[in-house]
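Working notes for the structure below.
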Amino acid sequence: MQRSETPPNGPDQMSSDGGVAVATEPVVLVADDEFRQKYLEIRTDPGGSRLVTVIEVLNPSNKKPGEHNRDPYVRKQRELLAQQVHRVEIDLVRDGMHSTIVPESLFRAQVDHPEYHICVSRFDRPRDYHVDPIRLGEQMPAIRIPLLPGAREPVVDFQPLLERCYEAGRYALRVDYSRPPIPPLTPEQAARAEPFLRQHKSR
């Protein structure tokens, strides 16, 4: 399992024994569900017929047990890998079951219980996983986005994108930061979150 603080230099940087480790204009598709599931598809070939990579942000329903929640999400993971599609999964949900494609036993054994993480899985290396753990209060990492073999793989810095979404959604005004988070924070997590909460409680 590969994990790193900086993106790998290229597709050959992945480990070979398994672990946590250009296209045409992208097409954005939104699927309606109990929660709005948003994902970005990267396609190539004339007319975008070749689906190359799916970038998906997990929502709470993806991490709840059940046929209408986690189960279809897990089936889609396997189907996309079978169709030779790379996946970039962004898990910013603290509550719920482990749902990114890296096996939970491997994840728990090699990653020190982060609150959030990003998992990159490549169809050409199905037992290799590049996982970037994100602790509460840390910046989101820059991630190399897998494309077809031989294509130059761009590095995407997710922190500015997260900040832009936060500003555009006016979450500083919509979220009541005086209320306890759900699920509750541990004392150690609360200490790391205190500078952010103190800043926003004063608004």
Side-chain angles (χ1 to χ4, degrees), residues 1-3 14-15 17-21 23 26-43 48-136 140-141 143 145-148 156 158 161-162 165 169 171 175 181-186 189:
M1 182 163 65
Q2 181 182 19
R3 49 176 296 196
M14 286 286 190
S15 63
D17 57 350
V20 176
V27 179
V28 179
L29 301 177
V30 177
D32 291 318
D33 203 337
E34 179 183 357
F35 297 91
R36 290 180 67 84
Q37 299 185 7
K38 296 190 176 181
Y39 52 90
L40 176 70
E41 292 185 346
I42 301 176
R43 293 177 174 268
S49 60
R50 172 64 165 95
L51 178 58
V52 177
T53 307
V54 172
I55 303 173
E56 184 154 14
V57 181
L58 276 70
N59 64 53
S61 70
N62 300 144
K63 302 184 70 174
K64 292 181 180 179
E67 178 58 32
H68 299 291
N69 294 299
R70 184 177 181 271
D71 292 356
Y73 181 80
V74 171
R75 283 197 299 270
K76 183 173 71 172
Q77 288 176 332
R78 307 299 175 184
E79 290 169 358
L80 288 174
L81 284 181
Q83 296 167 13
Q84 296 192 322
V85 177
H86 304 303
R87 286 184 61 79
V88 178
E89 298 173 284
I90 304 171
D91 184 355
L92 302 179
V93 180
R94 286 192 302 118
D95 199 13
M97 303 173 65
H98 175 85
S99 297
T100 57
I101 199 167
V102 55
E104 183 174 10
S105 58
L106 185 63
F107 180 82
R108 299 299 180 195
Q110 299 196 30
V111 182
D112 186 21
H113 304 294
E115 287 83 11
Y116 318 109
H117 69 280
I118 299 177
C119 176
V120 179
S121 54
R122 307 179 64 103
F123 70 78
D124 51 340
R125 296 176 183 180
R127 294 178 58 82
D128 250 343
Y129 309 94
H130 179 89
V131 171
D132 277 272
I134 308 167
R135 304 302 301 276
L136 194 65
M140 291 187 68
I143 298 294
I145 305 300
L147 299 177
L148 293 177
V156 175
F158 281 101
L161 296 178
L162 179 65
C165 292
Y171 287 103
V175 177
I182 301 174
L185 300 176
T186 66
Q189 290 172 334

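Keep in mind it's a predicted model, so treat the numbers as computed, not measured.
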Report task. Could you check Ile118 against Ile90 for side chain to side chain contact (heavy atoms under 4.5 Å, CB included), going step by step and ending with a plain yes or no? Result -> CA-CA 5 Å; Ile118 299 177; Ile90 304 171; 4.1 Å; yes

Query raised in the report: Measuring from Asp124:CG to His86:NE2, what's the distance to the nearest 0.5 Å?
Result: 5.0 Å

Query raised in the report: How are the rings of His117 and His98 set relative to one another: parallel (under 30°), tilted (30 to 60°) or perpendicular (over 60°)?
Result: parallel

Report task. For side chain to side chain contact (heavy atoms under 4.5 Å, CB included), just list the numbers for Arg50 and Leu148, CA-CA rounded to whole Å, side-chain angles, deciding distance to a tenth of an Å, and then say yes or no. Result -> CA-CA 10 Å; Arg50 172 64 165 95; Leu148 293 177; 3.5 Å; yes

Report task. Over all heavy atoms of both residues, which pair between Pro72 and Gly66 is shortest? Give the atoms and the distance, please. Result -> CD-O, 4.0 Å

**Report entry** Where Val93 and Tyr116 come nearest, the two heavy atoms and their spacing
**Finding:** N-CD2, 4.1 Å

Report summary line: Residues Val85 and Leu51: closest non-hydrogen pair is CG2-O, 3.6 Å

Report task. Dump the intermediate steps for side chain to side chain contact (heavy atoms under 4.5 Å, CB included) on Gln189 and Arg135, then the final yes or no. Result -> CA-CA 9 Å; Gln189 290 172 334; Arg135 304 302 301 276; 5.9 Å; no

Query raised in the report: Which pair of non-hydrogen atoms, one from Leu136 and one from Glu115, has the smallest distance, and what is that distance?
Result: N-OE1, 2.8 Å

Report task. Kindly indicate whether the side chain of Ile101, heavy atoms from C-beta on, has any atom under 4.5 Å from the side chain of Leu81. Result -> yes

**Report entry** Non-hydrogen side-chain atoms of Pro133 and Phe107 separated by less than 4.5 Å
**Finding:** no

Query - Phe123 CZ to Gln83 CD distance, which is reported to the nearest 0.5 Å - result: 11.5 Å

Query raised in the report: Between atom CZ of Phe158 and atom CD1 of Ile134, what is the distance when rounded to the nearest 0.5 Å?
Result: 9.0 Å

Requested in this report: Look up atom CZ in Arg127 and atom OG in Ser121, then write down how far apart they are to the nearest 0.5 Å.
Outcome: 13.5 Å

Report summary line: Result for side-chain contact (heavy atoms from CB on, under 4.5 Å) between Val88 and one of Ile145, Ile42, Thr100 points to Ile145

Query raised in the report: Which heavy atom in Arg94 sits nearest to a heavy atom in Pro181, and how many Å separate them?
Result: NH2-CB, 3.7 Å

Query raised in the report: Rounded to the nearest 0.5 Å, what separation is found between the CG atom of Leu58 and the CG atom of Asp91?
Result: 5.0 Å

Query raised in the report: Roughly how far, to the nearest 0.5 Å, is CE of Met140 from CG of Leu161?
Result: 8.0 Å

Requested in this report: Report yes or no: does Ser99 contribute a side-chain atom to a donor-acceptor pair with the main-chain N or O of Met97 at less than 3.5 Å?
Outcome: yes

Query raised in the report: Are the side chain of Asp71 and the backbone N or O of Val74 linked by a donor-acceptor pair below 3.5 Å?
Result: no

